[in-house]
**Q** 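Attaching a single structure in structure tokens format; questions to follow.
Please read these numbers as outputs of a predicted model, since none were measured by experiment. If you read the sequence from its start, that first residue is 1, and numbering goes on from there.
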Amino acid sequence: MKYSTIRNRTIFTLQLSILSFQEDHPFVLTDFRFYIAEAAHYIMALNFQQEFELLYIDLAAKPEQKPGIVGLKLIRDAKKTMHPKIYDHLALINISSVCAATINAHGKDKVHQDKSKYPAQAELMVIEGCMDDYEAFKKHLLPVSRQFLLRPIHTEWNTILTAFDFFLMDGVWEAVSFVGEMLAKHKNDGGVSHAQLFDQLCKQDFYAMLCASMENFLNQRYPLGKETLKLDF
């Protein structure tokens, strides 16, 4: 996650690290894992539209050494305070690529079965290609851990499990798959706007389930507190 301030608005850019995980893969934008991960970023970010304005998903490959990165673009009023809840939102968006990579690799049923073993046994969790997101995730959670006087490792695993739970809810992975396919179809357009994505998303049969799951997710996660962030090892 990178961000800058322009005209009193903070522009957040989610960088999917799959873009740079190996230098000998110059055409990673054609890899469907990229689209699935960006779709997961987008669907998670839909939960937080009261804090962020979603703009578009940039699909234009940048020349080497040129500024700018592809991915989901968000903005937020820079005059607003960056309190722990906002950092929690950003961390959940960051870790979404790891959830997406894991579910895409192993399937919903396998992940649902195995995540009960996390963090003791998390061998199937896919981090490769998502390390930048994973590092940003940990960084964004530090203010949350400090606020509630919790060990960072506890806050991190609690949040990882929360994110996985969200993507396994009714209608959510269906939405991720739909948006991922839509991004792949528009790969030569340079990007897809939030308006384009949302217009098509809300016409799908699973949309009502997605909305219900988003509401349940927010009710379970917030308000943040030691009780919602606890983790029993």
**Q** Do I103 and L168 have side chains that get closer than 4.5 Å, going by heavy atoms?
**A**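 They are in contact (side-chain heavy atoms under 4.5 Å apart), so the answer is yes.
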**Q** Give, for atom CE of M44 and atom OG of S97, the distance between the pair rounded to the nearest 0.5 Å.
**A** 10.5 Å
**Q** Start with the C-alpha distance between Y87 and K139, add both sets of side-chain angles, then the distance that settles side-chain contact (heavy atoms from CB on, under 4.5 Å), and finish with yes or no.
**A** CA-CA 9 Å; Y87 285 109; K139 179 180 178 180; over 6 Å; no
**Q** Can you check whether D109 reaches Q113 side chain to side chain, under 4.5 Å on heavy atoms?
**A** no
**Q** Where do A175 and L201 come nearest, in terms of heavy atoms and distance?
**A**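 Where A175 meets L201 most closely, the heavy atoms are CB-CD1, 4.0 Å.
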**Q** If I compare all heavy atoms of A105 with all of V126, which pair ends up nearest, and what's the gap?
**A** CB-CG2, 4.0 Å
**Q** Whether D77 and K79 form a salt bridge (side-chain N of Lys/Arg under 4.0 Å from carboxylate O of Asp/Glu) is what I want to check.
**A** no
**Q** Give, for atom CE of M125 and atom OH of Y134, the distance between the pair rounded to the nearest 0.5 Å.
**A**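 It is 5.5 Å, given to the nearest 0.5 Å.
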**Q** Please evaluate residues F137 and D133 with respect to the criterion side-chain contact (heavy atoms from CB on, under 4.5 Å), reporting the C-alpha separation (whole Å), side-chain torsions for both, the decisive distance (0.1 Å), and the verdict.
**A** CA-CA 6 Å; F137 157 77; D133 276 342; over 6 Å; no
**Q** Report yes if some heavy atom in the side chain of K108 is under 4.5 Å from a heavy atom in the side chain of F167; otherwise report no.
**A**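 Side-chain contact under 4.5 Å: no.
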**Q** Is N219 atom CG crowded by more than 12 heavy atoms from other residues, nucleotides or ligands, each under 6.0 Å away?
**A**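 Yes - once you tally the heavy atoms of other residues, nucleotides and ligands closer than 6.0 Å, there are more than 12.
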**Q** Nearest 0.5 angstrom please: S177 OG to N104 CG, how far?
**A**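 These two atoms lie 8.0 Å from each other.
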**Q** Is any side-chain heavy atom of L141 closer than 4.5 Å to one of P152?
**A**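 No, their side chains stay 4.5 Å or more apart.
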**Q** Has K185 got more than 12 heavy atoms of other residues, nucleotides or ligands less than 6.0 Å from its NZ?
**A** no
**Q** Can you tell me how far the CG atom of L224 sits from the CG atom of L229, to the nearest 0.5 Å?
**A**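 Rounded to the nearest 0.5 Å, the CG-CG separation comes out at 5.0 Å.
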**Q** Do V172 and L210 come within less than 4.5 Å of each other through their side chains, counting heavy atoms only?
**A**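 Side-chain contact under 4.5 Å: yes.
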**Q** In Å, rounded to the nearest 0.5 Å, how long is the span from CG of L231 to CG of L161?
**A**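 Rounded to the nearest 0.5 Å, the CG-CG separation comes out at 6.5 Å.
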**Q** With a 3.5 Å distance limit and no angle check, can you tell me whether E51 reaches the backbone of R76 through a side-chain donor-acceptor pair?
**A**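 Judged by distance alone, no pair lies under 3.5 Å.
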**Q** If we ignore hydrogens and angles and just use 3.5 Å, is the side chain of Q147 paired with the main-chain N or O of V144 as donor and acceptor?
**A** no
**Q** When hydrophobic residues are tied together by side-chain contacts of less than 4.5 Å, even through go-betweens, does M131 share a cluster with L124?
**A** no
**Q** For C99 versus A163, what's the shortest heavy-atom pair and its separation?
**A** SG-CB, 3.6 Å
**Q** Within the supplied structure, the quantity of interest is the number of heavy atoms (other residues, nucleotides, ligands) at a distance under 6.0 Å from H186 NE2; does it exceed 12?
**A**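 Count over threshold, so yes.
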**Q** Are F164 and T102 side-chain neighbours, meaning at least one heavy-atom pair lies under 4.5 Å?
**A**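 Counting from C-beta outward, F164 and T102 do come under 4.5 Å.
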**Q** Would you name the heavy atoms of A122 and W157 that are closest together and state the gap between them?
**A** CB-CH2, 3.7 Å
**Q** Are Y222 and H89 an aromatic pair by the rule of ring centers under 6.0 Å?
**A**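 Yes, the ring centres sit under 6.0 Å apart.
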**Q** Do we see a donor-acceptor contact under 3.5 Å between the side chains of D114 and H106?
**A** no
**Q** Does a side chain donor of either T159 or R221 reach within less than 3.5 Å of an acceptor in the other side chain?
**A** yes
**Q** Using atom types as modelled and distance alone, determine if a side-chain donor or acceptor of S213 lies under 3.5 Å from a backbone N or O of D170.
**A** yes
**Q** Within the supplied structure, the quantity of interest is the number of heavy atoms (other residues, nucleotides, ligands) at a distance under 6.0 Å from D205 CG; does it exceed 12?
**A**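 Counting other residues, nucleotides and ligands, CG of D205 stays at 12 neighbours or fewer.
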**Q** Could you go through the side-chain contact (heavy atoms from CB on, under 4.5 Å) check for W173 and I36 one step at a time?
**A** CA-CA 10 Å; W173 188 249; I36 282 289; 3.8 Å; yes
**Q** Check the angle between the aromatic planes of F52 and F48 and answer parallel, tilted or perpendicular using the 30° and 60° thresholds.
**A** perpendicular
**Q** Working to the nearest 0.5 Å, report the span between OH of Y42 and CE of M182.
**A**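 Here the rounded value is 8.5 Å.
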**Q** For a side-chain contact (heavy atoms from CB on, under 4.5 Å) check, start with the C-alpha distance between N47 and I93, then their side-chain angles and the critical distance, and finish with the verdict.
**A** CA-CA 10 Å; N47 286 298; I93 297 171; over 6 Å; no
**Q** Would you say that E174 contacts I43 through its side chain, given a criterion of any heavy-atom pair below 4.5 Å between the two side chains?
**A**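 Contact flag for E174/I43 side chains = no.
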**Q** When you look at CD of E123, are more than 12 heavy atoms from neighbouring residues, nucleotides or ligands closer to it than 6.0 Å?
**A**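 Yes, because the 6.0 Å sphere around CD of E123 holds more than 12 heavy atoms from other groups.
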**Q** Do you know which of H112, K115, Q220 makes side-chain hydrogen bond (donor to acceptor under 3.5 Å, both in side chains) with D165?
**A**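 Only match with D165 under side-chain hydrogen bond (donor to acceptor under 3.5 Å, both in side chains): K115.
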**Q** Measure across S145 and T155 and return the closest heavy-atom pair with its distance rounded to 0.1 Å.
**A** OG-OG1, 2.9 Å
**Q** Could you pull out the closest heavy-atom pair between N158 and T228, with the gap in Å?
**A** ND2-O, 3.0 Å
**Q** Tell me, do L90 and M82 make a side-chain contact under 4.5 Å, heavy atoms counted?
**A** yes
